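Not measured: the values here are computed from a predicted model. Counting convention: from 1, in listed order, for ligands and their atoms alike.
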Amino acid sequence: MLALQGAFHEHARMLRDLGADTVLVKLPRHLDGLEGLVIPGGESTTIGKLLREYELMEPIRAMAREGMPVFGTCAGMIVLAARIQGEDEPHLALMDVTVNRNSFGRQRESFETDLSIPELGDDPFRAVFIRAPHIESVGPGVRTLATYEDRIVAVREEKFLATSFHPELTADDRLHRYFLGIVAGER
Ligand code: GLN
């Protein structure tokens, strides 16, 4: 669990409730033995800056390229994206997607809605959007898991998972279970 800035406590609680041994990653040594990484919502520019300052960027990128699953939510999704609209430099750049920051924010700061995520079953997923980004376009290896008003809001590319919304803020733990399934090599 990347714990530099943002909503990491809620994610960590959910992961622990699901039985996952959860470490708060603030320094490179906290990456030792890590089998999966969650990057929370917050402020992507700040998370990106701290990743560089604490020298976490390169080791995380290397571990991810060697197969470590990564799950980014909201700002975490922006940190994972290879391209950020209107910005020259991406952060981890692990997923072949172009994100648009604050895409819903100009219309509505935050809102909740029921999303259909077939990968998680028939029950709708209550999604909380807070100054949320969306995915503008995806590369050929990226699977869209959910859309909202024609915008892509959840994607998977191999072992990487990203959502525009905050699944740690509701009681529905299906996305965290899904991610732990990827970590366990079951999905
Ligand atoms: N729009 C924010 C950013 O650019 C993300 C907002 C959030 O994570 N709730 O980082």
Side-chain angles (χ1 to χ4, degrees), residues 1-15 22 24-26 36-54 56-57 60-61 64 69-115 117 125-139 142 144-157 160-176 178-179:
M1 181 71 239
L2 190 69
L4 297 174
Q5 191 263 344
F8 54 86
H9 287 298
E10 294 81 356
H11 275 292
R13 189 177 314 128
M14 211 164 212
L15 292 166
T22 306
L24 297 184
V25 174
K26 294 173 190 279
L37 180 69
V38 177
I39 306 178
E43 175 54 49
S44 58
T45 313
T46 307
I47 296 174
K49 184 169 161 271
L50 295 173
L51 278 172
R52 290 175 180 90
E53 270 179 31
Y54 294 158
L56 283 161
M57 191 77 99
I60 290 174
R61 207 178 266 149
V70 186
F71 179 17
T73 63
C74 204
M77 176 172 96
I78 300 170
V79 171
L80 277 175
R83 294 164 299 277
I84 305 169
Q85 236 177 27
E87 293 180 26
D88 296 332
E89 217 192 328
H91 304 292
L92 284 170
L94 289 168
M95 294 186 79
D96 189 11
V97 299
T98 303
V99 294
N100 182 328
R101 289 179 73 189
N102 303 316
S103 67
F104 296 103
R106 276 173 221 108
Q107 302 145 39
R108 285 174 284 177
E109 265 287 284
S110 61
F111 60 96
E112 290 185 32
T113 191
D114 285 328
L115 291 180
I117 310 183
F125 193 95
R126 189 77 184 159
V128 180
F129 290 81
I130 304 170
R131 296 187 306 281
H134 80 276
I135 292 176
E136 199 74 54
S137 62
V138 300
V142 181
T144 295
L145 303 182
T147 58
Y148 173 69
E149 291 182 346
D150 294 329
R151 294 177 188 187
I152 301 172
V153 294
V155 286
R156 175 170 176 182
E157 181 179 13
F160 306 139
L161 188 65
T163 65
S164 298
F165 51 90
H166 287 261
E168 78 285 10
L169 296 181
T170 59
D172 194 336
D173 59 14
R174 282 179 293 163
L175 269 170
H176 289 79
Y178 182 81
F179 179 65

Test log, rule side chain to side chain donor-acceptor pair (under 3.5 Å), inputs Arg101 and Thr45: CA-CA 11 Å; Arg101 289 179 73 189; Thr45 313; 3.3 Å; yes
I'd like the atom pairs linking ligand 1 to the protein - N or O on both sides, separation under 3.5 Å - with distances to 0.1 Å.
unit_1	atom_1	unit_2	atom_2	d
ligand 1	1 (N)	Asn102	OD1	2.7
ligand 1	1 (N)	Arg131	O	3.0
ligand 1	4 (O)	Ser44	OG	3.2
ligand 1	4 (O)	Arg101	NE	2.6
ligand 1	4 (O)	Arg101	NH2	2.8
ligand 1	8 (O)	Gly42	N	2.9
ligand 1	8 (O)	Gly42	O	3.1
ligand 1	8 (O)	Ala75	N	3.0
ligand 1	9 (N)	Ile130	O	3.0
ligand 1	9 (N)	His166	NE2	3.1
ligand 1	10 (O)	Ser44	N	2.5
ligand 1	10 (O)	Ser44	OG	2.9

Neighbour count >12 (heavy atoms, 6.0 Å) for atom CZ, Phe111: yes
Pairwise distance CD(Glu168) to OG1(Thr73) - rounded to 0.5 angstrom: 4.5 Å
Whether His11 and Phe71 hold their rings parallel, tilted or perpendicular, with breakpoints at 30° and 60°: perpendicular
Under the ring-ring contact (aromatic ring centres under 6.0 Å, His included) test, residues paired with His166 that sit two or more places apart: none
Ion pair Arg52/Glu89, N-O distance below 4.0 Å: yes
